[in-house]
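Reviewing the structure listed below.
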Amino acid sequence: MNYELLMLSILQSLLLAMGQVMMKFGLMRMEPFGWNAKFWHSFLVNWQFALCGISFGAAGLLWMYIVKHYPLSQAYPLVSLSYVFGMVAAVLFFHEQVDITKWLGVIMIMGGCALIIR
């Protein structure tokens, strides 16, 4: 089992999920879209958006490292771990209700990743 690839993929997926969570938090704080100073101010001083960009940037750099050093056929399916972390974040941070069908899907994603990494 390639534990190094797994750990890097988990970190990359966590960064992707963090970027999505920060984007949602940032959008929740923003003014409705408009070509006016109020909207642009809410966009430019939004630290959640800045953290979103940093998270996506770090995930992108890590992805470049992963793709360069590991087989794409193993690395690419592991990106789906970000769906797992995204759903957990939705429950923890946004108090969303997730039914059993979606949790079964998460279990299947994790099982598929376990098969890929072997």
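Side-chain contact check for Phe85 versus Leu16: every heavy-atom pair is 4.5 Å or farther apart. Taking the side chain as every heavy atom from C-beta outward, Arg29 and Trp47 approach each other to under 4.5 Å. Under the 4.5 Å side-chain criterion, counting only non-hydrogen atoms from C-beta, Ile117 is not in contact with Tyr3.
Here the shortest heavy-atom pairing between Ser13 and Leu81 reads OG-CB, 3.5 Å. Across every non-hydrogen atom of Gly86 and Ala17, the tightest pair is N-CB, 3.9 Å. The shortest heavy-atom contact between Val98 and Trp103 is O-NE1, 3.4 Å. Residue Cys52 comes nearest to Gly19 through the heavy atom pair SG-O, 3.4 Å, listed as atom of the first residue, atom of the second, then distance. Nearest approach of Gly34 to Phe39, heavy atoms of both residues: O-CD2, 3.2 Å. The minimum heavy-atom distance between Val67 and Leu72, with the atom names listed, is CG2-CD1, 4.2 Å.
A 6.0 Å sphere centred on CZ of Phe56 holds more than 12 heavy atoms belonging to other residues, nucleotides or ligands. For Phe33, the CZ atom counts as densely surrounded, since its 6.0 Å shell holds more than 12 non-hydrogen atoms of other residues, nucleotides or ligands.
Judged by distance alone, the side chain of Ser42 and the main-chain N or O of Glu31 form a donor-acceptor pair under 3.5 Å. A distance-only check finds a donor-acceptor pair linking the side chain of Asn46 to the backbone of Gly26 [under 3.5 Å]. With hydrogens and angles ignored, the 3.5 Å screen pairs a side-chain donor or acceptor of His69 with a backbone N or O of Tyr65.
Checked against the 6.0 Å centroid threshold, Phe94 and Phe25 count as a close aromatic pair.
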